[in-house]
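Numbers restart at 1 for each chain; the letters A, B, ... are given by sequence-line order, proteins then strands. The figures here come from the full heavy-atom set of this structure, side chains too, leaving out hydrogens, waters and symmetry mates.
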2 protein chains.
Amino acid sequence: MFTALFDHIQKFITLEPSEIDILEACLTISKVKKKEHLLQEGQVCNNLYFILKGCARQYIINPKGVEQTLQFAVENWWITDYLSYHNTTPSHFYIQTVENCELIAIEKSTLESLLIEIPKLERYFRIVSQKSFGAAQMRIKFLFTMSAEERYHHFNNQNPEFVQRVPQYMLASYLDFSAEFMSKIRAGKV
Amino acid sequence: MFTALFDHIQKFITLEPSEIDILEACLTISKVKKKEHLLQEGQVCNNLYFILKGCARQYIINPKGVEQTLQFAVENWWITDYLSYHNTTPSHFYIQTVENCELIAIEKSTLESLLIEIPKLERYFRIVSQKSFGAAQMRIKFLFTMSAEERYHHFNNQNPEFVQRVPQYMLASYLDFSAEFMSKIRAGKV
DNA sequence: TCAATTTCTTGAAGTAGTTCAAGTTTTTAA
DNA sequence: TTAAAAACTTGAACTACTTCAAGAAATTGA
């Protein structure tokens, strides 16, 4: 049931069977249809989401009214707005499923008590978030140093299967160019 | 001596006097001259750096040979390459002081034993890195939604004092435009 | 205190991307 | 099984920036 999450956790720390029980008792699986929102701009983000199955994204609507994806999350990834979560401030982001999803939503109060009961989990979340921060830095590096076409090919090489899973216009915005330009890159017209 | 770090830690967790002693025994202050490197591209990053005084930056040299700053760190900020640190892989980044600095460098092995002696510190680093990740997401949002001029004015409004501390060309690259364009924005010639 | 170095400025020419508008293809759902 | 909706494509016109080159100003250090 939650094995994917337990496996992920045990990559970084070792849980006792009793701790697994405690954890298990706190978790529930949500099935969420494609295109549903887990978080809307302006709401305070009160949950962490762990994707068991499917794909979600974090996006904004820019001043021209166009959606721009800032982050994707697939199986075994956490997604949330940590700034809104920690500061209890309205979020600047939407979080939405891109496919039908099975996910674990952990509420702030649940997580806080879990972290007290199983302090080792602090370590797990520390390592995961430090690695995520590192990945965000690499993302900024790629945005800074590569042309649109290079970003497309690079992403395509690194994530060939993933590219098939999401609409091109979402990927275009994630790579910071227009859907039209993506089309031209793919057609070799650039 | 290390009070700035203790104060920062105690914003998030409460340390016993005995824990402060343990921590204190592990720390040393380094004085580092302006423009010295804490990390070079290609090296494995084995340290976390906490800035007590001064300013440092993380940057890359792009394919055209131009430096681009990805991140600044001033007083009470941690700076490192978490990806290199966790994966023991060569870093893609340089970390360099921008001003004469006083900083605390914690080596990986020291930090690991500290985290075992004072498990509460896991929580501190978790919260700090989750917030940093949140800040990185906001940074990407600004890069995506604002024009060069908007990014400059926004940054200037949010950090008027900081803008005085670093050369314009570094700030220009941090905001992802050329030093020449920065000059034109400031002169109102755009 | 002054020479060297670093940083900043300016204008002209070039370009990697966007925007718009319209049409085509693919997917979805009843 | 088909109509509606969503996603993708195309070309033409445009623009927000870059690049280059050269000079001016500010900062640094001996």
Looking across every strand, which nucleic acid part, if any, lies under 4.0 Å from B:F177 by heavy atom: base, sugar-phosphate, or nothing?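 Sugar-phosphate contact only.
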For the residue pair [Y] / [X], report whether a side-chain donor-acceptor contact shorter than 3.5 Å exists.
| X | Y | value |
| --- | --- | --- |
| B:R57 | B:Q71 | no |
| B:S91 | B:D81 | yes |
| B:E41 | B:H92 | no |
| A:R186 | A:Q168 | yes |

So that I know where these two stand, are B:F162 and B:F72 an aromatic pair - ring centroids less than 6.0 Å apart?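 Yes, ring centres under 6.0 Å apart.
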Quick one: is D:dA6 close enough that its OP1 or OP2 comes under 4.0 Å of any side-chain N or O from A:Q168?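 Result: no.
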Within the pair B:S147 and D:dA16, is there a side-chain N or O less than 4.0 Å away from OP1 or OP2?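 For B:S147, the contact criterion (side-chain N or O under 4.0 Å from OP1 or OP2 of D:dA16) is not met.
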In whole angstroms, how far is the [atom2] atom of [N] from the [atom1] atom of [X]?
| X | N | atom1 | atom2 | result |
| --- | --- | --- | --- | --- |
| B:K184 | D:dC17 | NZ | P | 12 Å |
| B:K64 | D:dT18 | NZ | P | 9 Å |
| B:R186 | D:dA25 | CZ | C1' | 13 Å |
| B:L143 | D:dC17 | CG | P | 12 Å |
| A:I185 | D:dT10 | CD1 | C1' | 15 Å |
| A:Y169 | D:dA5 | OH | P | 15 Å |
| A:F144 | D:dT18 | CZ | C1' | 15 Å |
| B:Y152 | D:dC17 | OH | P | 15 Å |

Judged by each residue's nearest nucleotide on DNA chain C, which is more toward the 5′ side, A:R151 or A:E180?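 Nearer the 5' end of the strand: A:R151.
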Start and end of the DNA chain C segment that chain A contacts, any atom under 4.0 Å from a heavy atom: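 First-to-last contact on DNA chain C, by the 4.0 Å heavy-atom rule, is C:dG17 to C:dT28.
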Honestly, is A:K131 close enough over B:Y82, meaning NZ or CZ under 6.0 Å from the six-membered ring centre and within 45° of the axis?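 Here A:K131 fails the 6.0 Å and 45° test against B:Y82.
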List the steps, then state whether side chain to side chain contact (heavy atoms under 4.5 Å, CB included) holds for B:I9 with B:F12. CA-CA 6 Å; B:I9 293 176; B:F12 302 103; over 6 Å; no
